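Here the structure is a predicted model, which means the values were calculated and not measured.
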There are 2 protein chains.
Amino acid sequence: MMTSSPFPDGAQRQAARQAKRDAVLLAAVRMFNARGFHATSLDDVAASLGISKPTIYHYLGTKDQVLLECVTLGLNQLLDAVAEARGKPGTGLARLRAFLISYVQVNMDDFGRCVIRTGDEMLSPESGKRFRHLKREIDTALRSLIREAIADGSMAPVDERIAAFTFAGALNWPARWFDPDGPKTAEATAEQMVDLLLGGCTPR
Amino acid sequence: MMTSSPFPDGAQRQAARQAKRDAVLLAAVRMFNARGFHATSLDDVAASLGISKPTIYHYLGTKDQVLLECVTLGLNQLLDAVAEARGKPGTGLARLRAFLISYVQVNMDDFGRCVIRTGDEMLSPESGKRFRHLKREIDTALRSLIREAIADGSMAPVDERIAAFTFAGALNWPARWFDPDGPKTAEATAEQMVDLLLGGCTPR
DNA sequence: GATGCAATATACTCATGAGTAGATAATATC
DNA sequence: GATATTATCTACTCATGAGTATATTGCATC
């Protein structure tokens, strides 16, 4: 690591700015998740960082923009998970399984949690539109992974729409109950849930 | 049906009062579900019924009490479903299946939807406590139904906690997406979801 | 060393919406 | 018929919290 001079150059200043922006965003999303969006004021967020409200406006803009940024980050993590699963070898079911496992894990994390806990009515009409659009992308990707698994015979021919909603619902829920400080790791929990979901529970 | 006299007796007045109370509650829960609790003012609810805000206070009390009443109704429907499933004959799995099917259907309806869409942070501390208590009862019942199904061998020996969360999550989600005016009935959708959940989707 | 932009603060404005006070009418009870 | 109770309204109060106007400091560039 380079010792940074007390006279930062452009790139360093840029990076510092970005770091501050990120810190504000993280503080905000954590508070939104802990107390709920409406029960969190920007003054609270600012206070938790020892700064003032206008500073948040300086880095991120209105409360609506802050929330949109949070959910966008979460949804981008999901999009990345789609791409990664798509790149994997193996049957359609194996790829679906890989995606679902990443999906739960994102939902257990700060920004993914926020995606689940945010209803579109909390955002302004325009941001809500953007939010719904991104969510639709994920849903479409999930459905096509299901379709492909059925097509190559690695998955039983179930109703694609119902399966997508059922899987998504089950795997969204940890956003509400999973405790990162609990005994089981996120990964182990994720795998157990996905295997139950795909395998069912009728005795063999 | 008896023709009601223009001079109602005590019982009739009591019934009329109850009917008004119910109407207010229904209007409120529908609006909460459509726009979100925070985006709904009691003035809006009152206006939708052609009455004024103090009338709502007369029948139901504060906004917090209105919401608590809504979720309590929803949770009581779930408690009824538990009792009904418990009374059924058949294997543990059959009883579990019966409960899960009722469970989804409640979640597709006005008050059940509200239970799902309400986070405990939306209620006052005391009401939140009551809310969590009732939810815990349902969770406990679900877990014991699972435990019993495993005990009598009709269900594979899965982790009870994980299964409860997975099932509940999957079956809570319709509160967000199910459209009662859509093509498929609530009952058919419910059965499809539950069968997928219990049976899994690996090819046979 | 003047001028401008970046970062931050203090101290406002202003809308919203929960909850209440108090009036009024109608109905019930004595 | 006098008096209490129920149902309802209009018209407030008051707290909260989003968003802004404006001041200050400091670095950056010319």
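For the pair A:Asn33 (side chain) and A:Arg30 (backbone), a donor-acceptor distance under 3.5 Å is absent.
Taking atom CD1 on B:Ile56 and atom P on C:dG19, their separation rounds to 11 Å, with Å as the unit. The interatomic distance linking B:Leu60 (CG) with C:dG19 (C1') rounds to 15 Å, in whole Å. Summarising the geometry, the separation between OH on A:Tyr57 and P on D:dT20 is reported as 7 Å, rounded to the nearest angstrom. Counting to the nearest Å, the P atom of C:dA7 and the CZ atom of A:Arg21 are 12 Å from each other. As rounded to whole Å, 11 Å separates atom C1' of D:dT16 from atom NZ of A:Lys63.
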**Message:** Is there a side-chain contact (heavy atoms from CB on, under 4.5 Å) between A:Lys63 and A:Ile56? Walk through the geometry before answering.
**Reply:** CA-CA 9 Å; A:Lys63 199 182 181 193; A:Ile56 297 185; over 6 Å; no

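Between C:dA7 and A:Arg17, a contact under 4.0 Å exists linking OP1 or OP2 to a side-chain N or O.
When only modelled atom types and interatomic distance are considered, A:Glu187 and A:Thr185 share no side-chain donor-acceptor pair under 3.5 Å. Using modelled atom types, one finds a donor on one side chain and an acceptor on the other under 3.5 Å when comparing A:Ser144 with A:Arg86.
The salt bridge (Lys or Arg N to Asp or Glu O under 4.0 Å) pairs that include a residue from residues 177-186 of chain A are A:Lys184-B:Asp159, where partners are two or more places apart or lie in different chains.
Near-neighbour residues of DNA chain C inside residues 33-47 of chain A, defined by a heavy atom below 4.0 Å, are absent.
Other residues, nucleotides and ligands place more than 12 heavy atoms under 6.0 Å from the CZ atom of A:Arg176.
Geometric assessment of B:Lys135 against the ring of B:Phe131 yields a positive cation-pi assignment under the 6.0 Å and 45° thresholds.
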**Prompt:** Can you give one letter per nucleotide of nucleotides 8-15 of chain C, 5' to 3': B if a protein heavy atom sits under 4.0 Å from the base, S if only from the sugar-phosphate, - if neither?
**Reply:** BBB-----

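Between B:Phe165 and A:Trp177, the ring planes are parallel. Angles under 30° get that label, and only those over 60° would be called perpendicular.
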